[in-house]
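Hydrogens, waters and symmetry mates play no part in the numbers below; they use all other heavy atoms, side chains included.
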Amino acid sequence: MASKEDGQAFAPVLAAVATMQGNVPRSEKTQAHEFLEKFQKSIEAWTTTHALLQSPDVPVEAKLFAATTLKGKVDTPLTIAGALLTLQIVFDLDQLPPDSVLALRDSVLNLLVAFASGPRPIQTQLCVCLASLAIQMIAWKDVLATVASALGSNAGDCVLEFLKILPEEVTEGRKINLSEDELLDRTKELLQDNAEQVMQLMIQYAQSSPTAATNPRLLDCITSWLREIPAAKVVESPLMDVIIKALDNDMSFDAGVDCLCTLYRDTKDVDESLPVIQALYPRLMALRPKIAETAEAEDLEAFKGITRMFSEAGEAWAVLIARLPSEFRGLVEANLECAARDWEREAVSLTFIFWYELKQQITIEKFMEARMNFQDIYSQLVNIMVKHLEFPTPEEGETDLFGGDREQEEKFRQFRHSMGDVLKDCCAVVSVQECLGKIYQLIQQWVAKYASQASNEHVPHWQELEAPLFGLRAMGRMVDPEEATILNQLVPLIVQIPDQEKVRFQAIMALARYTEWTALHPETLEAQLNYVISAFHHSSQEVVQAAALAFKFLGTDCQKLLGGHINQLHSFFESVLDKLKPTSQEEVTEGVAAVVSVQPLEKIYDSFKMFCDPIMARIMNLANNAQNEEGQRAVADHLQLITIFVQVVTPIVPFGEENPAVKYVGEILPIMTTIVMNFTSSTPILERVCRCWRYMIISYRTSMIPLLPTLAQSIASGFETSREGCFLWATDAVVREFSDGAEYVDQATSDAVFQFYEQQALAFLRILNELPPENLPDVIEDFFRLSSDAVRYYPKKCISSSLAVPIFSAALSALTLQQVDPLIATLHYYRDLFGFAFDKPLVSQFTSPEGEPYTNPPEVREAVKGLIASQGQPLAQRVLTGMMFTFPGDCFPDASGVMMTMFELLPQETGGWVQNTLQMLPAGTMKPGEGERLLKNIFDKVQSGETRKIRVLLQDFTNSYRRRNVAPRDGLGRLEATRFRFSG
């Protein structure tokens, strides 16, 4: 019985738990969460935890929190009087004397005995706690015997729960504070050495308990121990009967399915597991009648479970099915039956991986016999998939196909695209011609039945027409553009399809998928183009968007066929552009730009101007009236259309001759500069202008040299005025394209470009001096991406620059951020820079005329080392503390890579910097000797030349430190998310 004092001690905990469970303001829940988080790390948590668990008056949700806290706590008498100290089991058990660890184990066992009959969540948490102790108590050799003895013969379910959890916790043992060798040895002792004993315990329970086959805990235990117990032993044992019988009971059905599927996964090595598979296969096939039973009973969950059993067996044994198609045909047929009988389209997706895996095997030449054997099944699968592709028929009087359930609609759309992948698999097995023939046949059947009754206002049974059109679209990637059998008949049929919204949409999308075929069959182009262009006036926005996409592909793939119709295309472009959404505007622009790009060289300038001048007029008009965010967005959207022309229209011009596209670009450059200076606070406009400038450099390279001074000045002025990172992104393109040694780039131009980089760097440093890094994450990211490229392309100039040290120091400031992208950009800058301290830096862009890797000059190598030597202390401190406290996990590989390189270059100095950093950590946050062990292990790797293993040591150390001292504790999220209701 808990004392009055105990009750007073845990009253605040109960209040906080109640707050997180109650309907209270979010701020109060946050405050309660913070209190419980601190409580879990506090010294008094152990005593309070035990009091909570032992009190009969405490609500069950609070006991669950106590058990969860216990998972991360231990008790230890610091004095003979038995004072208790709160520590974390996972991280700090090594600080306790051995007798205290034994006392802790016995205490947890006693609590487990007290909760042996439930509630189960508390029991589970105590089992996790005990398993974590078992992993670390290396001297505890008789774990299973001790637990079984303590719980006794009447606590079978609790024993099974512990047995189930033990392998799971051992598998996650990387978070335990044991060395790799200790963990491997303990894994062997707890799992491998106990596997036979656990097997006998489970068999004994199965034979002695009349309800064993309906007890999901036994099945879960079998599943868990299949990590260690060979599948062959289970299949040959009485446990196999238990697994099969479990499928006849609702309570144990799901656990039985999980167990059977785990057995399959253990038999994926079919050569080694052939006898096991031969024993399993007939037992599985004996369950095939359950497909029909569950389907006819419309028991959806059971049907999904049965489907999963057959599909996962097929996935695991796909190689064997390909080798022995006749022997395993029944399994393939069972999967087909599951797909065919799925009345709710909930289970069929479980078979998708199987169809793919089997296709991968039987399309290999040596398995041609299997392919022939299963062609009829894949042929039937085409019909099944197309039927499942049909939109649902709405209820009487209902117009919405999904009854207003948008989530269900989105799920169906995603499901359809997955089925499209299955149709591609069918094409690979059966042949494209046969699959296309089925589509053609289904469309013909609809035309024969309903075409005479159809009008644009009413299309009967349109689902039966739309589904094969979707199938045709899905198969597009598999169809050779030279296909000359089915498409010649099918395409003319499609362009006559009635104007029902979803059917028209799908017909246009299907045509868009076959534009490469159209390019080789020009006689079909005009009808398709008319069909697509007429859709731009459709009342449905979806159809209009489909038309824009189709036009893009028609223009791109049939550009040469349309090259002579540039004037007509211009009229069409001008007539539709203002009616389209921005995405569709871009797609139509891509289509017409592709046609402009194939004009004769002497007509490029005029064509470019004909299309882009009206766009520029729109931009200037919109800019004059852009008084709000929406108006500025419209300007930005139209600027993107100019960029598309710049990206697509890239005429090939001999070096030294004027490029007609650059001639036009020179005319619009001043207008863009004016727009930049008029909208220095509009991020969308600035980003689109910079994107356009960047592609001018990428598309036209050295042809842009005459415009380079003007462009560079515009970029520099824009950055200084706006402080937007996009100008640095544009600068990066200039640095990359006009670097030292680049083809057709003279030294004067290259030198001027580096001076341009230094000018941008100075502007950046001034900005960083005025504003804290957290206000500039995007600018920092763009600058250090730019600086990485500057180092790669101008290594000698960068390292000898007067800005080398200021930029290095600025990167230190950037490492105080917590956002992934700027941190990674900064760490990449350091790694690229440090690469030039070696003879042959991997990041160099240069090779010798003979193609040999770039050899770094000695003065560059020494300069980089000197920079590291002078700035290494603060860098080591920032990187190491970042990994321990603030860096997101995605930054760890690069952060540890920086430290690894520093150890490789300056091992003694870096060791001293790391040691100094560790000495600055808060007292008590590191174990005695932990820092010394880390440094010793690192220097061992340095001495043995295994420097790449240093990053693993650093990541393990910082992860461990972070979990102990920084990361949130388990157990609070579930309290916040769920109201628990338990009995018992």
Notebook entry, point to check: Has the side chain of Gln760 got a donor or acceptor atom that lies under 3.5 Å from a matching backbone atom of Phe756?
Noted result: no
Notebook entry, point to check: Quick check: does any side chain N or O of Asn530 sit under 3.5 Å from a backbone N or O of Glu526, one acting as donor and the other as acceptor?
Noted result: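 Yes; at least one donor-acceptor contact below 3.5 Å.
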If you draw a 6.0 Å radius around [atom1] in [X], do more than 12 non-hydrogen atoms from other residues or ligands fall strictly inside?
| X | atom1 | result |
| --- | --- | --- |
| Glu770 | CD | yes |
| Arg633 | CZ | no |
| Glu586 | CD | yes |
| Arg477 | CZ | no |

Check: Hey, what's the ring geometry for Tyr830 with Phe834, parallel, tilted or perpendicular (30° and 60° as the breaks)?
Finding: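 Rings of Tyr830 and Phe834: tilted, as their planes differ by 30° to 60°.
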Next item on the list: If the plane angle is over 60° it's perpendicular, under 30° parallel, otherwise tilted; pick one for Phe783 and Phe764.
Entry: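 Plane angle under 30°, so parallel.
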Margin query: I'd like to know whether Lys609 forms a side chain to side chain contact (heavy atoms under 4.5 Å, CB included) with Lys663, so could you lay out the CA-CA distance, the side-chain angles of the two residues, the decisive distance to 0.1 Å, and finally the verdict.
Written below: CA-CA 10 Å; Lys609 189 176 180 66; Lys663 179 182 177 183; over 6 Å; no
Check: So which of Lys502, Glu501, Arg504, Gln545 actually passes side chain to side chain donor-acceptor pair (under 3.5 Å) with Ser540?
Finding: Glu501
Margin query: As a test of understanding, state which of Gln632, Arg688, Glu629, Glu687 forms a side chain to side chain donor-acceptor pair (under 3.5 Å) with Ser682.
Written below: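 Among Gln632, Arg688, Glu629, Glu687, the one that satisfies the side chain to side chain donor-acceptor pair (under 3.5 Å) with Ser682 is Gln632.
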[X] vs [Y] side-chain heavy atoms within contact, under 4.5 Å:
| X | Y | value |
| --- | --- | --- |
| Phe679 | Val689 | no |
| Ile697 | Leu708 | yes |
| Asp732 | Leu728 | no |

Closest contact, heavy atoms only, [X] versus [Y]:
| X | Y | result |
| --- | --- | --- |
| Phe784 | Ala810 | CZ-C, 3.9 Å |
| Pro651 | Ile604 | CG-CG2, 4.3 Å |
| Leu561 | Ala519 | CD1-O, 3.8 Å |
| Phe572 | Val588 | CE2-CG1, 4.1 Å |
| Ser699 | Val646 | OG-O, 3.0 Å |
| Tyr794 | Phe738 | OH-O, 2.9 Å |

Checklist line | Distance-only polar pair, side chains of Asp740 and Gln747, donor-acceptor under 3.5 Å | finding: yes
Check: Any chance the side chains of Thr589 and Gln585 put a donor and an acceptor closer than 3.5 Å?
Finding: no
Distance, nearest 0.5 Å, that separates [atom1] of [X] from [atom2] of [Y]:
| X | Y | atom1 | atom2 | result |
| --- | --- | --- | --- | --- |
| Ile619 | Asn624 | CD1 | CG | 12.0 Å |
| Leu669 | Leu707 | CG | CG | 6.0 Å |
| Ile698 | Glu737 | CD1 | CD | 6.5 Å |

Notebook entry, point to check: Regarding Arg416 and the six-membered ring of Phe470, is the cationic atom NZ or CZ under 6.0 Å from the ring centre and inside 45° of its axis?
Noted result: yes
Counting the benzene-type ring for Trp, do [X] and [Y] have ring centres under 6.0 Å apart?
| X | Y | result |
| --- | --- | --- |
| Phe611 | His570 | yes |
| Phe645 | Tyr664 | no |
| Phe553 | Tyr514 | no |
| Phe754 | Tyr757 | yes |

Charged N to carboxylate O under 4.0 angstrom, [X] versus [Y]?
| X | Y | value |
| --- | --- | --- |
| Lys552 | Glu590 | yes |
| Glu409 | Arg413 | yes |
| Lys581 | Glu587 | no |
| Lys796 | Glu859 | yes |

Next item on the list: Hey, could you give me each pair passing side-chain hydrogen bond (donor to acceptor under 3.5 Å, both in side chains) that has a residue in residues 800-823? Not counting sequence neighbours.
Entry: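 Those involving residues 800-823 are Glu758-Ser801.
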Next item on the list: Report the C-alpha distance between Arg785 and Glu781 in whole Å, list the side-chain angles of each, state the deciding distance to 0.1 Å, and finish with yes or no for salt bridge (charged side-chain N to carboxylate O under 4.0 Å, His left out).
Entry: CA-CA 6 Å; Arg785 292 193 188 283; Glu781 178 189 351; 3.2 Å; yes
